[in-house]
A.B. asks: 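Next up is a structure, given as structure tokens.
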Amino acid sequence: MRVEDEVAFGPENLGLPRGEIAERVEWALAAVGLADYRDRNPSFLSGGEKQRVTIAATLAMQPRVLALDEPTANLDPRGKAAVFATLLHLARERGIAVLIATQDVERANRYAQRALALRDGVIAADGPPGEVFGRVDEMRAWGIGAPQIAELARALSAKRGRPHRFAGP
């Protein structure tokens, strides 16, 4: 098994011509920064590299929307950064809509254009990350952690006796 085989699996099952499959695999691996990994065995990749192979395999199917559930779970900080950088690149440069379900509020605050906070399966807050995550007291009440920077802004505002306002990164 090679990385290239993993990425080609979906397009092969669609019955696409070999030439188109090769083009899609090449594009998808380049899009996630793994073009030089095509002949490697996926079992020997780092966690972040494996996540990016999974994203490449999905991209080879040419989706317009990429929905991911905890794409950086169990990754070290370097792996998380690589995955989020890849997703940001795909959204900005390739025009792919990227939807992420995550508990990593620090990265969501930094990378997202829009944030939704769920409480008991219902949308409790929706808007720009700074606005949503700036609702520190509500986030706590809902059992959702707020980014450290929002917590700091709240603490400094309280110390000065001013209303808390967090505008995001």
A.B. asks: P11 and A60: which non-hydrogen atoms are nearest, and at how many Å?
C.D. replies: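 Shortest heavy-atom contact: CG-O, 3.5 Å.
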A.B. asks: Please collect all salt bridge (charged side-chain N to carboxylate O under 4.0 Å, His left out) contacts where either partner lies in residues 43-61, sequence neighbours excluded, each pair once.
C.D. replies: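 Passing the test, one end in residues 43-61: no pairs.
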A.B. asks: Do the side chains of L34 and L45 get nearer than 4.5 Å, heavy atoms only?
C.D. replies: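 They are not in side-chain contact.
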A.B. asks: Which residues pass the salt bridge (charged side-chain N to carboxylate O under 4.0 Å, His left out) test with R140, not counting sequence neighbours?
C.D. replies: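 Applying salt bridge (charged side-chain N to carboxylate O under 4.0 Å, His left out) to R140 gives E151.
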A.B. asks: According to side-chain hydrogen bond (donor to acceptor under 3.5 Å, both in side chains), does anything in residues 74-90 pair up with another residue at least two apart or in another chain? List the pairs.
C.D. replies: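 Those involving residues 74-90 do not exist here.
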A.B. asks: Less than 4.5 Å apart, side chain to side chain, heavy atoms only: is that true for F84 and T72?
C.D. replies: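 They are in contact (side-chain heavy atoms under 4.5 Å apart), so the answer is yes.
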A.B. asks: Using the rule that Ile, Leu, Val, Met, Phe, Trp and Tyr join whenever any side-chain heavy atoms are under 4.5 Å apart, tell me whether V105 and V98 fall into a single cluster.
C.D. replies: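 V105 does not cluster with V98.
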A.B. asks: Indicate, with yes or no, if L68 and L118 share a hydrophobic cluster defined by side-chain heavy-atom contacts under 4.5 Å among Ile, Leu, Val, Met, Phe, Trp and Tyr.
C.D. replies: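 Each belongs to a different hydrophobic cluster.
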A.B. asks: Any chance you could pull the hydrophobic cluster mates of V122, using side-chain heavy atoms under 4.5 angstrom and chaining through other members?
C.D. replies: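 ILVMFWY cluster around V122 holds nothing else.
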A.B. asks: Can you list the residues that meet the side-chain hydrogen bond (donor to acceptor under 3.5 Å, both in side chains) rule with E6, with sequence neighbours excluded?
C.D. replies: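 Result, side-chain hydrogen bond (donor to acceptor under 3.5 Å, both in side chains) vs E6: none returned.
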A.B. asks: Side chain to side chain contact (heavy atoms under 4.5 Å, CB included) with D126: which residues, sequence neighbours excluded?
C.D. replies: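 Side chain to side chain contact (heavy atoms under 4.5 Å, CB included) check on D126 returns R114, L116, I123.
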A.B. asks: Grab the two heavy atoms, one from A28 and one from V7, that are nearest each other, plus how far apart they are.
C.D. replies: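 Looking at all heavy atoms of both residues, the shortest contact is CB-CG1, 4.1 Å.
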A.B. asks: So how far is it from L66 CG to I55 CD1, rounded to the nearest 0.5 Å?
C.D. replies: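 The CD1 atom of I55 is 6.5 Å from CG of L66, to the nearest 0.5 Å.
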A.B. asks: Apply side chain to side chain contact (heavy atoms under 4.5 Å, CB included) to D36 and list each qualifying residue two or more places apart in sequence or on a separate chain.
C.D. replies: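 Partners of D36 by the side chain to side chain contact (heavy atoms under 4.5 Å, CB included) criterion come out as none, since no residue qualifies.
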A.B. asks: What residues, two or more places apart in sequence or in another chain, satisfy side chain to side chain contact (heavy atoms under 4.5 Å, CB included) together with Q62?
C.D. replies: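 Once residues adjacent in sequence are excluded, the partners of Q62 under the side chain to side chain contact (heavy atoms under 4.5 Å, CB included) criterion are R24.
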A.B. asks: Side-chain heavy atoms nearer than 4.5 Å, only ILVMFWY residues, links allowed to pass through others: does that put I100 and I144 together?
C.D. replies: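 They do not share one cluster, since no chain of ILVMFWY contacts under 4.5 Å joins I100 to I144.
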A.B. asks: Mind checking the CD-CD spacing from E4 to E26? Nearest 0.5 Å is all I need.
C.D. replies: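 With rounding to 0.5 Å, CD (E4) is 9.5 Å from CD (E26).
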A.B. asks: Rounded to the nearest 0.5 Å, what separation is found between the CZ atom of R64 and the CD1 atom of I96?
C.D. replies: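 Output value for this atom pair is 11.0 Å.
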A.B. asks: Restricting to side chain to side chain contact (heavy atoms under 4.5 Å, CB included), what partner residues turn up for E23, sequence neighbours left out?
C.D. replies: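 Scan of E23 (side chain to side chain contact (heavy atoms under 4.5 Å, CB included), adjacent residues dropped) gives none.
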A.B. asks: With sequence neighbours left out, write down each residue that passes side-chain hydrogen bond (donor to acceptor under 3.5 Å, both in side chains) with Y111, or none if nothing qualifies.
C.D. replies: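 Expected list: none.
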A.B. asks: With a 4.5 Å cut-off on side-chain heavy-atom distances among I, L, V, M, F, W and Y, is there a chain of contacts connecting Y37 to I21?
C.D. replies: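 Yes, one cluster joins them.
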A.B. asks: Examine distances only and state if a side-chain atom of N109 and a backbone atom of E106 form a donor-acceptor pair shorter than 3.5 Å.
C.D. replies: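 Absent.
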A.B. asks: Atom CD of E20 and atom CG of L14: how far apart are they, to the nearest 0.5 Å?
C.D. replies: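 Interatomic distance, E20 CD to L14 CG, rounded to 0.5 Å: 9.0 Å.
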A.B. asks: Which residues, ordered by chain and number, are linked to F9 in its hydrophobic cluster, where ILVMFWY side chains connect at heavy-atom gaps below 4.5 Å, directly or through other members?
C.D. replies: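 Cluster partners of F9: none, it stands alone.
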A.B. asks: Any chain of hydrophobic side-chain contacts (each under 4.5 Å) joining L75 to L88?
C.D. replies: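 Yes, one cluster joins them.
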A.B. asks: Taking all non-hydrogen atoms of both residues into account, name the closest pair between P129 and Q113 and its distance.
C.D. replies: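 For P129 and Q113, the tightest heavy-atom pair comes out as CD-O, 3.6 Å.
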A.B. asks: Under the rule for side-chain hydrogen bond (donor to acceptor under 3.5 Å, both in side chains), what residues qualify as partners of D69, not counting sequence neighbours?
C.D. replies: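 So D69 forms no side-chain hydrogen bond (donor to acceptor under 3.5 Å, both in side chains) with any residue.
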